[in-house]
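Okay, so here's the structure we're looking at.
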Amino acid sequence: MRFSKLFGKTLRETPAEAESVSHQLLLRSGMIAQEAAGIYCYLPMGWRVLKKIENIIREEMDKAGGQELMLPVLQPLELWQQSGRYMSFGKSLFTLTDRKERRLALGPTHEEVVADLARRYVKSYRDLPLLPYQIQTKLRDEPRPRGGLLRVREFIMKDLYSLDADEAGLDESYQKMCQAYKNIYARLSLPALMVEADSGAIGGKDSHEFMVLTEDGEDEVTYCSNCGYAANAEKAQFIKTRTNAEFMLPLEEIATPATKTIEEVAGFLGVPSSQTLKAVFYYADGEFVFVVIRGDLEVNETKLRNKLKCSDLRLATEEEVGEAGLVAGFASPIDVKRIKVVADDSITLGSNFVVGANKPGYHFRNANFPRDFQVDLMADIALARSGDSCPKCGNKLSCTRSIEVGHVFKLGTFISEKFGASFLDKDGKSQPIVMGSYGIGLGRLLAAIVEQSHDDKGIIWPFCIAPYQVYLCPLNLEKSAVLPTAEKIYQELQSEGIEVLFDDRDDSPGIKFNDADLMGIPLRLTLSPRTLQSQSVEAKWRREKEVQLLPLDNLAVRVKKLLDETASSQS
RNA sequence: CGGGGCGUAGCGCAGUGGGUAGCGCGCAGCGUUCGGGACGCUGAGGUCGGAGGUUCAAAUCCUCUCGCCCCGACCA
C-alpha cells in the first residue's frame, strides 16, 4: 500500500474527545473514526488489524472443535420474551417494528437464536456435543458508551455456544474454551488473567472473565499475589476478621450528638469502627430494604442484588429513608417493622455493637444479634478491599482496574428449558440441552492491546496483528536514485509476500518517522542518499532502539528471513 | 438517569461593554529544503450544533432543543 493513497490520515494533535490512551492512539493513527457515541468506523488500517485478530480467534475456535456459522442480527422479539430475557435485558435491547407491525430485536447476543436452532436440529444425545460460533456485529443500547472502543453500542463479537448432554459435557466444553482463550491471548502477547466472575441474576453456576490489568479499565479485579486467587471485585470473597468475642452486655441507650457517620460515632465513643453496625438503605425492584453490615466494611451491591434476586437496585434517598420511619444517621435494625432487613454475616463476628437508636442524637451500645434484633436474610454481601485477607490462603488481597477481554459461562439449562430444547438420552428419556456461552469482543480486545502495548510515540503492534509488517521509508525522494530504488524494493518485498506500507510521500524525515512510530508497524526500512552510498537500507524494529544496515543485494529475501524469525519467536 | 464539562474551518484553539469571524497545524499551488513533525510566498476552506426570541444589529444576551466527552448509576 502506498501511503499517499491510504484512506485516512494520521492526526498530529489528539482529538479532544479522546481520554483513554487506546482511544487517542487509534484515532491519531487513522485506525478508527467515530460516527456517533459508541459507534465507530474501522478505517483500512484498523480493519486490517481487526481481521488479523479475527483470524487468530477463528483458528483457535476451529482447533477447539468450534463450527462457524452466521446468525441474524434481526431477531423476533418473541424469542426474547420466551427466554425471559426481554425483561432482564431491559433498555439495553434495541427493538424495532417492521412494516407488518412485527416486533424485532437487534441481537445483543445470540443464545436465543442458538437455542431455537438447537430445539429444531438436536434430537438425540448422539447429536451432542456441538460448539457453534459466530463472529459478527452485535448491538446493545449501552447507558454510557465510553473509552473509544472499550465500551460501544455496536461491536463485533466472537460468541461460541456449547450444547452438551449433561453437566460433565459442559465442564469439558468449558475447559476446552478456557484453554482456547488462553491460546488466543498468548498469541496476541496479551497478559490476560482468568478471574472468577459474577454470572448475574440469571446466570448459571460458573463464570470466568479474562482480564487485562490496566488503569484505563472499567472493571475491578481483586487478586492475591501469593496464591493466585483472582476475582472480579463484584464477586470477590475475603476472610472477615472476628472482633473480640465479649460477654454480651445489656443494651444501653446513649446520647451521641452530631455523630452521623460511622467514624464520628466510633470516635465519639472511643471504639473501633468494627465495633459498630452500619445501616444502608436500598430500593430493590421498588421494595425498601434495610441493610446492616459491620461498620468497618462496605456493601457489595452486586452480591446484594444476587442475594435479593432483584434486577433494579439503587440507594434510597434521605427522604425515602425518612418516609420509611427511619432516622438517617441514627437508623436502627432494632424494632424495625414491615421493612425487609438484610444483614452481612459480619454482624455475627463480634459482639456488643454500637448501633443507631432511631432517634436523632442517640445510639445503642451493646447490641447483639440475634438477642436484640432479627433479620430477614443473612448472607455475605461485603465488598472485598485492598488489604483484606485472601479467602484461599489468608494473605493480603490487592485491587486493580482492568479491561474485560473475554467472558465465559456455564448457562446450564435455563434457556433450553424455556425453549423446550431437549433431546433423548441413552435411556430414551427427554433431557434439556446444557448450554454454555463464551464471548470475546474484538474491538475491545484490539483496544486492550493498544492500552497494553504502546509508548509515547504511538502504538507497538504485536507482530502477528500489525496492519503491515514493513514500513518502507525513503527519505529525500528527489535526490539520486532514492525513489526508483524504493519503488524497486517495494515491488520486491511484495513479491516475497511481505505486507508493506510504502511511504511515498514527499515529506520531511521527521514526519515519516513519527507516522511510522504512531502506526506501530514492526519493521521500518529507511533508505536515503546516505544509505544508498553504501548500497544498503537501514532496518529498525519498532520496539527496539538500535538500527542495522542491510545490503540492497537480495534485500527482499533478507527481510523475509528477519520477519520469519520474529514471527516464530513471538508465537 | 444524577453530577460536571464542551459544541466557532479537517484537527487543536482564540474571540461577551452586541457592530457581517481569527490564530496554529493540516490542505492546494510555486520555490528553497531534507535522518525525528523545515521555510518563504500565494490560496481554498466557516449555516459560529439547531430552533425560537430580544435588538436597527447576535458567535456574543434570553428560552428551548440536539450532539459529544468525563464521573457515578447501569451493563451476561
Side-chain angles (χ1 to χ4, degrees), chain A residues 8-20 23-24 27-28 30 33-39 83 85 88-93 108-112 138 140-148 150-153 155 157 159 161 197-204 206-209 216 218-219 232 234-235 282-283 301-302 305-306 311-315 317 404 406-412 414-415 435-439 441 456-458 473-480 482 505-518 524 526-531 537-538 540 545 547:
Chain A
K9 288 199 184 327
T10 55
L11 301 175
R12 188 156 169 179
E13 288 177 277
T14 304
E17 73 211 25
E19 185 97 349
S20 70
H23 194 195
Q24 293 181 354
L27 285 174
R28 281 225 294 139
Q34 184 173 27
E35 201 52 51
I39 301 176
S83 70
R85 299 205 305 178
S88 56
F89 247 89
K91 287 182 174 167
S92 296
L93 191 68
T109 175
H110 289 70
E111 281 86 0
E112 276 75 4
K138 310 218 172 188
R140 293 180 192 174
D141 197 357
E142 293 288 344
R144 183 153 93 84
R146 73 183 98 180
L150 289 178
R151 183 167 213 85
V152 292
R153 296 192 292 170
F155 54 98
M157 185 167 172
D159 227 356
Y161 308 97
D198 177 59
S199 51
I202 324 170
D206 269 336
S207 176
H208 289 87
E209 288 166 324
D216 272 319
E218 51 177 353
D219 278 295
N232 191 309
E234 296 175 339
K235 162 103 179 179
Y282 287 91
Y283 261 92
E301 294 188 1
T302 301
R305 179 179 293 110
N306 289 342
S311 61
D312 186 41
L313 183 75
R314 64 170 175 84
L315 280 169
T317 64
E404 176 193 339
H407 198 162
V408 297
F409 37 132
K410 298 183 179 176
L411 291 170
F414 168 75
I415 295 173
M435 293 181 69
S437 119
Y438 316 82
D456 56 338
K457 289 288 191 184
C473 187
L475 302 180
N476 207 341
L477 297 184
E478 306 298 317
K479 285 280 167 55
S480 61
V482 173
R505 300 172 300 171
D506 187 14
D507 274 314
S508 68
I511 290 175
K512 295 187 167 198
F513 290 156
N514 279 300
D515 277 345
D517 289 345
L518 180 59
R524 188 182 77 200
T526 307
L527 69 158
S528 65
R530 200 207 277 176
T531 65
V537 302
E538 175 195 278
K540 181 188 171 298
K545 276 193 115 156
V547 300

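None of these values were measured; they are calculated from a predicted model. Below, chains carry the letters A, B, ... as their sequence lines are ordered, and counting in each starts from 1.
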d(CD, Glu17(A); P, rC71(B)) in whole Å: 14 Å
Under 4.0 Å, counting only non-hydrogen atoms across every strand here, what does [X] touch: a base, just sugar-phosphate, or nothing?
X         : result
Gly147(A) : sugar-phosphate
Thr14(A)  : sugar-phosphate
Leu93(A)  : nothing

OP1 or OP2 of [N] sitting under 4.0 Å from any side-chain N/O of [X]?
X         : N       : value
Arg144(A) : rA73(B) : no
Arg305(A) : rC74(B) : yes
Arg140(A) : rC74(B) : no

Interatomic distance at [atom1], [N] relative to [M], whole Å:
N       : M       : atom1 : value
rU54(B) : rC64(B) : C1'   : 15 Å
rC25(B) : rU42(B) : P     : 14 Å
rU47(B) : rG40(B) : P     : 29 Å
rU60(B) : rG18(B) : P     : 12 Å

Residue list, side-chain contact (heavy atoms from CB on, under 4.5 Å) with Glu35(A), at least two apart or on another chain: Ile39(A), Cys41(A)
Partners passing ring-ring contact (aromatic ring centres under 6.0 Å, His included) against Phe89(A) (at least two apart in sequence or in another chain): Trp80(A)
Going by the rule ring-ring contact (aromatic ring centres under 6.0 Å, His included), which residues pair with His208(A) if we only count those two or more places apart in sequence or in a different chain? Tyr174(A)
Thr302(A) side chain to Asp198(A) side chain, donor-acceptor N/O pair below 3.5 angstrom: no
By salt bridge (Lys or Arg N to Asp or Glu O under 4.0 Å), which residues pair with Arg524(A), not counting sequence neighbours? Glu538(A)
List for me each residue that meets salt bridge (Lys or Arg N to Asp or Glu O under 4.0 Å) alongside Asp159(A), sequence neighbours excluded, and say none if there are none. Lys138(A)
Give the B/S/- string for nucleotides 21-40 of chain B, one per nucleotide from 5' to 3', where a protein heavy atom under 4.0 Å of the base yields B, of only the sugar-phosphate yields S, and otherwise -. ---BSS-------BBBBS--
